[in-house]
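Have a look at the structure below, then the notes.
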Amino acid sequence: MSEIPTKYDFQDNESRIYDSWEKKGFFHAKVNPGGKPFVIVIPPPNVTGILHMGHALNDTIQDILVRYHKMIGEETLWMPGTDHAGIATQNVVERKLGREGLRRQDLGREKFLEQVWLWKEQHGSTIIRQLKRLGCACDWERTRFTMDEGYSEAVQEVFIRLHQKGLIYRGNYIINWCPRCQTALSDEEAPHQDSSGFLYYIRYPLEDGSGSLTVATTRPETMLGDTAVAVNPRDERYKKFIGKRIILPFLDRLIPVIADDFVDPEFGTGAVKVTPAHDPNDYGMGRRHDLPFINILHPDGRMNENAGDYAGMDRFEAREALVEALRERGLLEKIVSHDHAVGHCYRCNTVIEPYLSKQWFVRMKPLAGPAVTAVKDGRIKFHPERWEKVYLNWMENIQDWCISRQIWWGHRLPVYYCPRCQSKDGEAGVTVARQKPEKCPVCGSAEIVQDNDVLDTWFSSWLWPFATFGWPRPEADSELKYFYPTSVLVTAQEIIFFWVARMIMAGLEFMNDIPFSDVYIHGTVRDKTGKKMSKSLGNVIDPLEIIDDFGADALRISLISLTSMGQDVYLSRDKFEYGRNFANKIWNAARFIQMNLDVDHLPADPLAGFSDFAEMPLAERWIISRFYSVEAEVRRSLERFRFNEAAGLLYDFFWHQFCDWYLELAKLSISENHTQQTLYRILSGSLLLLHPFMPFLTEELWTRLCPSAGSLMTHPWPAALPGVIDRELEGEMGLIITVCGTMRNLRSRKGLSPRVKVKVRIFVDEAGKRRILENNIEYVKYLVNAEEISFSEENQPPSPSVVSDVISGCSIFLDAGGEINKAEEEAKINKRIAELEEAIRRKEQLLNNPRFREKAPPEVVEKESAGKKELVEEREKLEQVKNALSR
RNA sequence: GGGCGCGUAGCCCAGUUGGUUAGAGCACCUCCCUUACAAGGAGGGGGUCGUAGGUUCGAGUCCUACCGCGCCCACCA
C-alpha cells in the first residue's frame, strides 16, 4: 500500500490516471461473442467545438453509463468522434481569413478547403482533449470524423440510394435563405424567434381609379415582388374587387386581385399582398393562380435589379426607404405594433429570407412512417417519456428536407451536369453517380461539371450509429452485427429533430433496424437566472475552469446531483463546492482508514465474502447491510436513468452513514479483525460504486489501498451478497442512532462542550429495546461522550440536575452536574407533549373513521394503529417525567 | 393557435406506483480546531407544498379551472 497524502492533488492525478487507462487499452471494445454488448455513440461535437457545460453534462451521463456497464461485465463501447459542422466550421475559417483581409472567393474553392483542413488538423482535436480531461472513457482508437474517407463514402451511398428510390429530388421552392451565410437552410436550421415588429398598412390604388385596397404586411420591401393582391372569396367587403387590377406603386406594375381561401378575412384588412418568390404562402397562391414569380433579392440580402430605384439597397434599408416614400405619397395608412415570430439562422442569427431557389430535397414522409412505428410500439423508448409526444408530433407533420447548401466545406453532392443539355432544358443532363461520368448520357458531351453545393451537415450525422462502424463496406459487417443497434442515446432536447429523429429514420431505412433502444434526453444547462449559457451573453461557466479549480470529479458529481431526470439545470459557480467537499470527504475518510489498517489482516480481494458475518458486532453488520442495500438501489436507479438519485444515495450512504456513524464506531475497535475487514471492504466497495461518477479520485484511492487488485475501471461491480441485507438489524442500529441523537440534543440543551463527560440513565420498559441498548451500550457511551450509562427501573429523573426526553419508548436522563433551568425544561417537555397530542389526535381521527378501516389495506391500518400506540406511550412517559420533575 | 415543463424552507432543488409528524445542499443560529476531514464535527430554527375547487378512508403526489414563470412547435400576411 502506498500512503495516501494529506491533500488530494487532483491537478496532477487526473491526467496521469487518464493516460494510464488509455495506455492499458481499457477504453477499447471489440467483438466479443461471449459478452453482451453495450454501445453508446457520442453526439459528435462540432470539430470547432470547445467544451461547454452542456457537453460536460451530456458526456458525464454517458461516461457514467459506460463505466457502469463495463463494471457489470458488458462489452462496452463508447464510440467517439467529431462532426465537420459545415457552416459553423466554414464561418470560423472565413473569419480567420477575414482578419488577414481575405475572402474565401479570393482563394477559390480548392485553396479554401485546404485552409479548412489545415485548421482542422491544428484545432480539430481540442474538444477531444477536453473530453479526456472530463474523464470520458471513449474508445479513441475508433475516433471518427464525418468527413473521413469511409464516412464520406457512406454519405454518398445514402444519397444515391435515396435518389434511386425517388426519395431525393431537385426542385424550385421557397427555402430559408441566410443572406449572411449565403446558403439555403433546412426548416430546423431557421428557428423562429419572437420579435416585436410592425404591421404596415399600405394603400394599393386600383387601375380603374375607383379607389384603393389596403393591404397589411410586416415586410413592406417585398411589395416590389408583388404579383397579386388576394382576398377571401367569401369576404363580402371585397367580392366586387375580384378580377380588377391594381397599379403596384413605384413600379407601376399591373397586378390582379385574386380570390383564395387561404386569406383570413379577420387578419389585417383581409386583403393580402402576394409575393410568390418571397413567402411560402404566397408561393402556394402563385402556383394556384399561375402568377409570375419575381425575385427581388440578391443572395446577400441586397435588393436586385427588379427592385427599381431600390436596387442595391440592403433589405432593411429598402424597407425604411419604402415606408418613407409611401408616407410621402399618402399610401401609408398606418403602422401598428405587431409581435410575430421571425426565422433566424441558427449559425449566425441573421434574419432569414424566404427565397425561391432550386435545391435538393429528401422526401420525408416515406421515411417517417417506420420511425413513428418504432416508437409507438415501444422498440425505442424516450426518457423521460414526454419527449415521445414531441417526437411523434414532429414526425407526423414532417416536411421535406432541404439538403443542399451553397457552401464549400462538406460532402459535395454526387451530382453531375452536362452544361450543354442544361442550357436547353434546366432539368436535362443531370447524373447522380458515385463517379464523374465520362460523358453526358444524353448528348455524349465530355464536358461534365459536378454540382457546386455540399450536403447539410445533418445529412451525414444521421448516419452516425452505423457509418461510424464502416458501413456500407462489407468488412464492417461483423462489427455492425455485434454493435448495432446501439443501446442508449444521450442528448439534449434541442437536437431531437435535427438528429435523433433522423437517425431513427436512417437506421430503419439503411440497416433495417432501430439505431438505439433508449433515448435519454437531459435538460439544458442554464445560468442561475434561467438563461441559456452563451458566449454572447457572457454568462458561461467554463467547465475547464471548474476542473482546474475543483477537479473533474467534483464537476461531474455536482452536475449529476443537480439534474433530476430531464429537468433543466440552473448553474452557478458555487454549486460545484458540493462536489469538491464530497471529494474531500472521501479522500479524508480513505486516508483515516488507511492510517489504521494493518495490511497483514486484509484479504487480497477487497470484495471477498464475509464468512463470519453472523458473528460480527452490530455496527459491522449494520454498515454491511446498508452497503448492499444501497448497491441495489443505485443499480436500480442507474437502470432507470435516475442519475441524480443514484448520486444522492451514494452521497448519503458514504457521508451520513459510513462516515458519520460507522467510522466513529469503528474507532472503538479499530485494531480488531472484524473492524479492519469491514472498513477495508466497505471503503473499497464504496469506491467501486462511486467510480462511474468520480472516476479519478476513486481510482487514485483504490490503487493506494488495493495495489494488487488492478485498476478500478476493470474491476467488477460489487455482486449482491445473499443474506447480508437485514432490515431488523438496520432497525436495531436505528434505535441506537435515535437514542444518541436525543442524548446529544440534551447535551446541547445544557450547553455542554463536547469534551465534558456526562452521566446518562435510560428507562425502557420494552425488553427487546432494552436488550439492544444494553448489548451495544459501549457504542452509545462513546458516541455521546458519556462516562457512564445505566438503566433505571423507574421512569423518573434520578436527580434534579438532569435533563430529560423520551424517544422511541426510551426515557433519557442526562446529567452533567450543575443546575438546570426548570422552567425551560418544562416548557420544552410541554411543547413536545403538545406536538405528540396533535399527532395522536390526527391518528385517532383517521383510525376512528370506519371507512378507513374498511377501505385502506390492512397493513396500512395496522401501521397506523401501531404508530398511534407508540405516540401514546411516548406521551405517557413524558407526562410521568414531567410530573417527577415538578415534584 | 397547439403542446410541454416549472411554482415545495431565506436561496437552489429532491420527493419513484397516493399511505406515519414533507427531505437534502447552501445560507442562518448555538457549541466545538475531540489525533480523517474547519472544504469539518454536534445540535438547532425555518415550509398551511402557487390559488380555488374536485376525486379518495387518505392528496405535495390524481382530476378541473385559474394565477405567475419558462420553453418548444405552427404558412395568419
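For clarity, every value in this text was computed on a predicted model and none was experimentally measured. Quick note on labels: first sequence line is chain A, next is B, and so on, each numbered from 1.
- Here the side chain of A:W655 is nearest to one of B:G19, B:G41, B:C76, namely B:G41.
- A tilted orientation is assigned to the rings of A:F382 and A:Y391, their planes being inclined by 30° to 60°.
- Comparing B:C76, B:C37, B:C6 by their closest approach to the side chain of A:Q567 singles out B:C6.
- Residues A:E353 and A:R219 are paired through a salt bridge, judged by an N-O separation under 4.0 Å between the basic side chain and the carboxylate.
- For A:F262, counting side-chain heavy atoms from C-beta on, the closest listed nucleotide (B:C37, B:G19, B:C75) is B:C75.
- Among the nucleotides B:C12, B:C73, B:C71, the one closest to the side chain of A:Q493 is B:C71.
- When distances are taken from the side chain of A:K863 to each of B:C72, B:G41, B:G19, the shortest belongs to B:G19.
- To the nearest 0.5 Å, atoms OH (A:Y200) and NZ (A:K334) are separated by 14.5 Å.
- Residues from residues 657-666 of chain A placing a heavy atom under 4.0 Å of any atom in RNA chain B, listed by number, are A:C659, A:D660, A:L663, A:E664.
- In this structure, A:R591 and A:V390 both approach RNA chain B, and ranking their closest nucleotides by distance from the 5' end singles out A:R591.
- Separation of the P atoms belonging to B:G44 and B:A52 is 33 Å when rounded to the nearest angstrom.
- Across B:C72, B:G40, B:U16, the shortest atom-to-atom separation from the side chain of A:R636 is found for B:U16.
- Note that CD of A:E633 is 11.0 Å distant from CZ of A:F653, once rounded to the nearest 0.5 Å.
- Distances were taken from every side-chain heavy atom of A:A856 (C-beta onward) to each of B:G19, B:G3, B:C76; the shortest belongs to B:G19.
- Nearest-nucleotide positions on RNA chain B for A:K273 and A:E864 put A:E864 closer to the 5' end.
- Distance check on atom C1': B:U51 versus B:G43 gives 37 Å, rounded to whole Å.
- Remark: side-chain polar atoms of A:D805 are not paired, donor with acceptor, to backbone N or O of A:I812 under 3.5 angstrom.
- At distances below 3.5 Å, not a single donor-acceptor pair connects side-chain atoms of A:N584 with backbone N or O atoms of A:R580.
- Across B:C11 and B:A59, the matching P atoms stand 27 Å from one another, rounded to whole Å.
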query: Which dot-bracket string describes RNA chain B (Watson-Crick N1-N3 plus N6-O4 or O6-N4, or G-U N1-O2 and O6-N3, all under 3.5 Å; [ ] crossing; | other strand)?
result: (((((((..((.(.....[...).)).(((((.......))))).....(((((..]....))))))))))))....

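- A parallel orientation is assigned to the rings of A:F658 and A:Y662, their planes being inclined by less than 30° (bins at 30° and 60°).
- Nearest to the side-chain atoms of A:N588 among the listed nucleotides B:A77, B:G25, B:C37 stands B:C37.
- A cation-pi arrangement is absent between A:K585 and A:Y651 under the rule of less than 6.0 angstrom and at most 45 degrees off the ring axis.
- Taking atom CD on A:E188 and atom P on B:C72, their separation rounds to 14 Å, with Å as the unit.
- The side chain of A:K843 approaches B:U20 more closely than any other nucleotide in the set B:G25, B:U20, B:C72.
- Taking the six-membered ring where tryptophan is involved, the planes of A:F576 and A:F550 are tilted, since the angle between them lies from 30° to 60°.
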message: Run A:T222 and A:K273 through side-chain hydrogen bond (donor to acceptor under 3.5 Å, both in side chains) and show every step you take.
response: CA-CA 9 Å; A:T222 62; A:K273 58 188 275 313; 2.6 Å; yes

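- B:U21 sits 35 Å from B:C31 when the P atoms are compared, rounded to a whole Å.
- With B:U21, B:G19, B:G15 as the choices, the nucleotide that has an atom nearest any side-chain atom of A:R642 turns out to be B:G15.
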